[in-house]
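From a predicted model like this one, the values you see are computed outputs, not experimental measurements.
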Amino acid sequence: MNSQILHSDPPQAVSNNSLCLFDTHCHLNLAPLATAPLVYFQQAAAVGVKALLIPAVEQANWQDLLAWRQQQANWHIALGVHPWWAAAESLAVLTELEHLLQTHAGQITAVGEIGLDFALAAETFTKQQQFFSAQVALAKHYQKPVILHHRKSQPALLAELKRQQFTEGGILHAFSGSQQQAKAFLDLGFKLGIGGTITYPRAEKTRNAVRKLPLCALVLETDAPAMPLNGFQGQANTPAQLSAVFTILCELRSESVEQLAEALWQNSHHALRL
């Protein structure tokens, strides 16, 4: 644990204690955040982050997240197998996932983090696709939104979602791309996860798309402890940094701070059916 991260000052951001922000993608159960999750959430709450979604990445996370969900009303969870972990998992674990979706339907907000990552070794692609297809089918059957991971895989994700006629929606995590790329997911009922990418001036294509996309398409996220913001490279990200992402979004958009905050809060609840 890096004590500097744990006790660092909140990021420079819009200062308004009345704001309600929702971190729709935060791995509070991964190191270093897992050593003091409540402390990190309290730091985030102090700068307006009132709720978050914690997506699992492997079967080993599921029971812990279910326990957290029972203890923290504002910590929502998604259960699934991330494509980075798919190669090491057995497809048999999806039997347990289905059982949990049956028996804990009210506690499981979404299926995730799932998806396809074609930046990984080619020998993982078949297993990734098997996991993704099966988890989309479970989400469809149990009427849960999905949290989508993507790298070099958006066309394949869209093809599978369309093949299964998936209409439960969810969030495309870590959106970075053009308006045209965004529209393909918006047409399927998804929201776009906006995070640290927009804090980098060089990400002009994404920043320009975020300026022009309809406000109803956007939700905020950090992906903490990953995806550090511009100026924080090499440090663990935290959910408190969501306020800094929000600040940049306010600079990119024409709406008022209050309008943006209210719309993002409502969008998050709509995407996750809360």
Gap between atom SG of Cys26 and atom CG of Leu242 - 0.5 Å precision: 9.0 Å
Stepwise side-chain contact (heavy atoms from CB on, under 4.5 Å) check, Leu220 with Val49: CA-CA 10 Å; Leu220 294 180; Val49 182; over 6 Å; no
N/O donor-acceptor pair under 3.5 Å between Thr109 side chain and Ala78 backbone: no
Distance-only side-chain donor-acceptor flag, Gln59 / Glu96, under 3.5 Å: yes
Contact summary for Ala217 and Leu186, nearest pair of heavy atoms: CB-CD2, 3.4 Å
N/O donor-acceptor pair under 3.5 Å between Asn29 side chain and Ala34 backbone: no
Aromatic ring pairing Phe190/Phe185, orientation class (parallel under 30°, perpendicular over 60°, tilted between): perpendicular
His270 NE2: over 12 foreign heavy atoms closer than 6.0 Å: no
Backbone N/O of Gln179 and side chain of Lys212: donor-acceptor pair under 3.5 Å: no
From NE2 (His269) to NE2 (His76), nearest 0.5 Å: 5.5 Å
Side-chain (Gln235) to main-chain (Pro228) donor-acceptor, under 3.5 angstrom: no
Heavy-atom donor-acceptor pair, Arg273 side chain to Glu168 backbone, under 3.5 Å: yes
Evaluation steps, side-chain contact (heavy atoms from CB on, under 4.5 Å), between Leu94 and Phe131: CA-CA 8 Å; Leu94 297 182; Phe131 263 99; 3.9 Å; yes
Gln180, CD atom: more than 12 neighbouring heavy atoms under 6.0 Å: no
Donor-acceptor under 3.5 Å (Thr35 side chain, Ala31 main chain): no
From Thr197 atom OG1 to Asn230 atom CG, the distance as rounded to the nearest 0.5 Å: 11.0 Å
More than 12 heavy atoms from other groups under 6.0 Å of CD on Gln102: yes
Residues Phe246, Leu260; criterion side-chain contact (heavy atoms from CB on, under 4.5 Å); working and verdict: CA-CA 9 Å; Phe246 178 66; Leu260 276 172; 3.8 Å; yes
By ring pair (Phe, Tyr, Trp, His ring centres under 6.0 Å) - contacts of Phe166 (at least two apart): none
Donor-acceptor contact present, side-chain His27 to main-chain Pro55, <3.5 Å: yes
Geometric class of the His173/His25 ring pair [parallel <30°, tilted 30-60°, perpendicular >60°]: parallel
side-chain contact (heavy atoms from CB on, under 4.5 Å) evaluation trace for Glu98 with Tyr142: CA-CA 9 Å; Glu98 180 166 20; Tyr142 292 100; 2.9 Å; yes
Value rounded to 0.5 Å, distance of CG in Leu28 from CD1 in Ile77: 12.5 Å
Backbone N/O of Asn267 and side chain of Lys191: donor-acceptor pair under 3.5 Å: no
Ring geometry between Trp75 and Phe41 (parallel below 30°, tilted from 30 to 60°, perpendicular above 60°): perpendicular
Any donor-acceptor N/O pair, Ser153 side chain to Ala156 backbone, under 3.5 Å: no
Under 3.5 Å: donor-acceptor pair, side chain of Glu58, backbone of Glu89: no
From Arg253 atom CZ to Leu218 atom CG, the distance as rounded to the nearest 0.5 Å: 5.5 Å
Polar contact flag, side-chain donor to acceptor under 3.5 angstrom, Asp23-Thr222: yes
Minimum side-chain heavy-atom gap Glu113-Trp85 below 4.5 Å: no
